[in-house]
Asker: 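A single structure is presented below for examination.
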Amino acid sequence: MAKVKKSAVKDRRSSIVKISVDSSEEDFQNEEETMAYVLSSMVVTNNLKAKDREEKSGKGAFRALNKVNRIRNTASLQVQLELYSRAIAHAPLKSYELVRAYTERSELLLNQGYYEDCSKDIERISKIGCCNEMKADFYTRKAKALWGLSPRMRPEVEKAITKAQCWLTEVDEETRQNIETSLNFILKNYALKTTFIQHDLGELIPPTPKDNSRVVGASGSIELKFSENFGRHIVATKDIKVGEVIFVQKAYSLILSSECWYTYCWYCSKRTWSSVGCNNCVNVIYCNESCRDKAWAEYHDMECDIISYLLAMGQREWLDLMAARITIKAIKEADPTEKFFTDNVHDSSKYSTVYSLVHDVSFREKSEVDGLSISSAYILHAFALSSNLLGDGINDIRDCANNEWALFLGALILKNIRISSLNCFSLSTPFIDMKRGDLLGSFASFFNHSCFSNVCPAHYGNTMTFRASQQIKKGAQLFISYGSSFDETPTLQRREQLKDDYNFWSSEGRCDRNRTQPRRCSVGVAAQDGATSTSGQVQRMSVWTQSRFLFLNFPLLKQ
Ligand SMILES: C[S@@+](CC[C@H](N)C(=O)[O-])C[C@H]1O[C@@H](n2cnc3c(N)ncnc32)[C@H](O)[C@@H]1O
């Protein structure tokens with residue numbers, strides 16, 4: 001589970017509205033009362049206008065293009081590709097700047113052996129169309145990329161070469177000679193560079209269990225229970241073997257970390273080298289047109305402007321974006337008060353299941369609790385500015401305090417930000433020790449914590465998977481670990497952290513025992529069982545490493 005950074009909610013940089021909230025004397029009954037208080041406490045210094053958010057412009061695209069040209073000889077490939085993605089996101093649709101950004105990026109991708117990605121960019125350029133002087137160069141690059149894809153593309157390569165030759169009349173003498181040399185070289189002996197292989201770990205995602213009649217995506221070996229001590233929790237209905245798939249679901253919502261905004265897809269979270277931008281805003285990129293269209297249909301049609309306004313206000317935290325996204329999805333589903341089992345079935349793709357998640361943050365530090373309320377006011381402000389959800393009547397954000405519908409929406413946002421702060425999972429990146437985002441999935445949030453967890457989460461793209469990392473006896477509770485470095489954290493510190501972040505004093509199983517010896521992790525157990533092993537003894541791996549290891553090795557376990 002991700003922990004909310006306390007500094008993040010305290011440090012608000014916005015100069016648009018200033019809010020000072022001291023709710024210590026107040027006793028709010030519900031989220032609406034809290035929002036009414038916060039909204040009426042706002043001091044508006046400068047109401048945000050439509051022109052204040054960043055819009056697509058040739059200038060914005062050029063800024064990124066010029067930068068990449070300045071640092072070309074020193075910057076890494078990744079930095080250059082990120083700048084091209086920025087340029088593409090900022091360039092107006094069908095503009096010269098967009099064609100230039102795709103052209104330069106396709107050249108870079110070609111030189112690096114990313115033939116498939118290069119071909120995608122070439123396809124996009126041909127859809128927009130480029131000027132006649134660029135066409136000879138364009139078809140030459142196309143010929144190289146096609147040949148790089150497969151020697152079987154030879155007929156298409158030759159077609160592209162013929163087209164390139166046709167357009168040679170449009171270029172100056174020096175360029176013509178260069179292109180001709182290049183074309184002759186392709187025809188005779190164009191030496192293929194090694195093709196860059198992109199690992200798609202999607203094939204390692206286990207099949208989704210279908211044998212639980214009450215929980216979509218869950219195995220029939222588990223059920224949801226409730227007790228005073230643990231609240232809702234998951235219990236084994238039969239013996240579960242190491243490696244067994246417990247639960248697979250598409251995350252209800254996924255927000256990328258800000259450092260990944262122009263390198264990973266905003267919809268599926270996969271790394272992208274040939275991104276496309278949103279047709280409207282400059283803030284998001286997708287790995288392809290299909291992810292862009294799905295995001296637009298599911299939430300980005302509303303979210304697009306809201307993110308732009310939030311960024312203009314200086315609100316860049318994942319938690320703010322997560323709460324806005326969930327609220328939008330709830331509005332689109334339009335039945336946020338449904339019970340969390342609809343027709344007796346828990347379906348994690350429905351907002352009603354998110355609505356029921358734990359959201360009581362009253363045990364947290366007051367500044368943090370107030371920070372969440374203030375963030376919600378900013379998000380509501382962005383909703384009011386960017387959509388007609390609140391009608392035309394809201395000129396000043398303080399008006400929301402007296403508007404019934406605005407208060408309802410504000411309360412929903414506050415609830416969602418609280419839910420997000422208590423229930424999200426970190427999304428790590430295979431092979432790199434880097435957090436690339438945060439995920440929310442409703443049923444996934446019913447796993448309680450144990451420092452000796454028996455279930456291992458591993459998320460790929462926007463799919464969340466949970467497998468047994470130890471044998472689990474019928475009747476036993478299933479636990480995950482809420483901390484990624486708990487293996488190295490002394491018991492008292494671990495327990496205090498859990499108390500601060502989640503309000504329980506961990507006493508389950510052996511949580512209270514001090515760890516002086518590194519414990520043998522469950523992969524080691526699997527290895528001993530003879531299922532798979534690299535070294536036979538895998539010890540003392542962090543939970544993060546363990547989950548990655550499990551994720552990569554379980555397909556072997558199945559054999
Ligand atoms: C993400 S929720 C887990 C599901 C939760 N039990 C429920 O009823 O929805 C996290 C909350 O569960 C409870 N919890 C998690 N692990 C626990 C444990 N080992 N002992 C007691 N309570 C625990 C805490 O109240 C914590 O804030």
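Every value quoted in this text rests on a predicted model; they were computed, and no experiment measured them. Indexing begins at 1, ligand by ligand and atom by atom, following the structure's order.
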Asker: Should the proximity of Val358 to ligand 1, defined as any heavy atom under 4.0 Å, be assigned to the side chain, the backbone, both, or neither?
Answerer: side chain

Asker: Once you measure the plane-to-plane angle for Tyr482 and Phe504, does it fall in the parallel (<30°), tilted (30-60°) or perpendicular (>60°) bin?
Answerer: perpendicular

Asker: So, regarding Asn448 and ligand 1 (criterion: nitrogen or oxygen to nitrogen or oxygen, under 3.5 Å), is there a contact or not?
Answerer: yes

Asker: Any ion pair linking Asp305 and Arg53 (charged N to carboxylate O, less than 4.0 Å)?
Answerer: yes

Asker: Look at Arg271 together with Glu82 and state whether they make a salt bridge at an N to O cut-off of under 4.0 Å.
Answerer: no

Asker: Using a 4.0 Å cut-off to any heavy atom of Asn423, which atoms of ligand 1 qualify?
Answerer: 1 (C)

Asker: Which residue is it: Trp296, Trp261, Tyr286? I am looking for the one with a ring-ring contact (aromatic ring centres under 6.0 Å, His included) to Trp266.
Answerer: Trp261

Asker: Could you establish whether Asn503 and ligand 1 come within less than 4.0 Å of each other, counting only heavy atoms on the residue side?
Answerer: no

Asker: Which ligand 1 atoms does Phe446 reach within 4.0 Å, using its non-hydrogen atoms?
Answerer: 4 (C), 9 (O)

Asker: Check Phe504 against ligand 1 and report side chain, backbone, both or neither, counting heavy atoms closer than 4.0 Å.
Answerer: side chain

Asker: Which bit of Asn229 is near ligand 1, meaning a heavy atom under 4.0 Å away: side chain, backbone, both or neither?
Answerer: backbone

Asker: Between Lys332 and Asp301, does at least one N-O distance fall below 4.0 Å, as a salt bridge requires?
Answerer: yes

Asker: Against His359, only a single residue in Ile419, Ile417, Asn423 fulfils side-chain contact (heavy atoms from CB on, under 4.5 Å); can you say which?
Answerer: Ile419

Asker: What do we get for Tyr482 next to ligand 1 when only non-hydrogen atoms under 4.0 Å count, side chain, backbone, both or neither?
Answerer: side chain

Asker: Report yes if some N/O of Phe447 lies less than 3.5 Å from some N/O of ligand 1; otherwise report no.
Answerer: no

Asker: With only distance considered, is Ser445 within less than 3.5 Å of ligand 1 through an N or O on each side?
Answerer: no

Asker: Specify whether Phe466 and Phe447 have parallel, tilted or perpendicular ring planes, treating 30° as the upper limit for parallel and 60° as the lower limit for perpendicular.
Answerer: parallel

Asker: Return a yes/no value for Arg232: is any of its N or O atoms, backbone included, closer than 3.5 angstrom to an N or O of ligand 1?
Answerer: yes

Asker: Suppose I only count heavy atoms of Gly231 and a 4.0 Å limit; which atoms of ligand 1 are within that range?
Answerer: 8 (O)

Asker: Taking only Lys NZ, Arg NE, NH1 and NH2, and the carboxylate oxygens of Asp or Glu, determine whether Arg214 and Glu223 approach each other closer than 4.0 Å.
Answerer: no

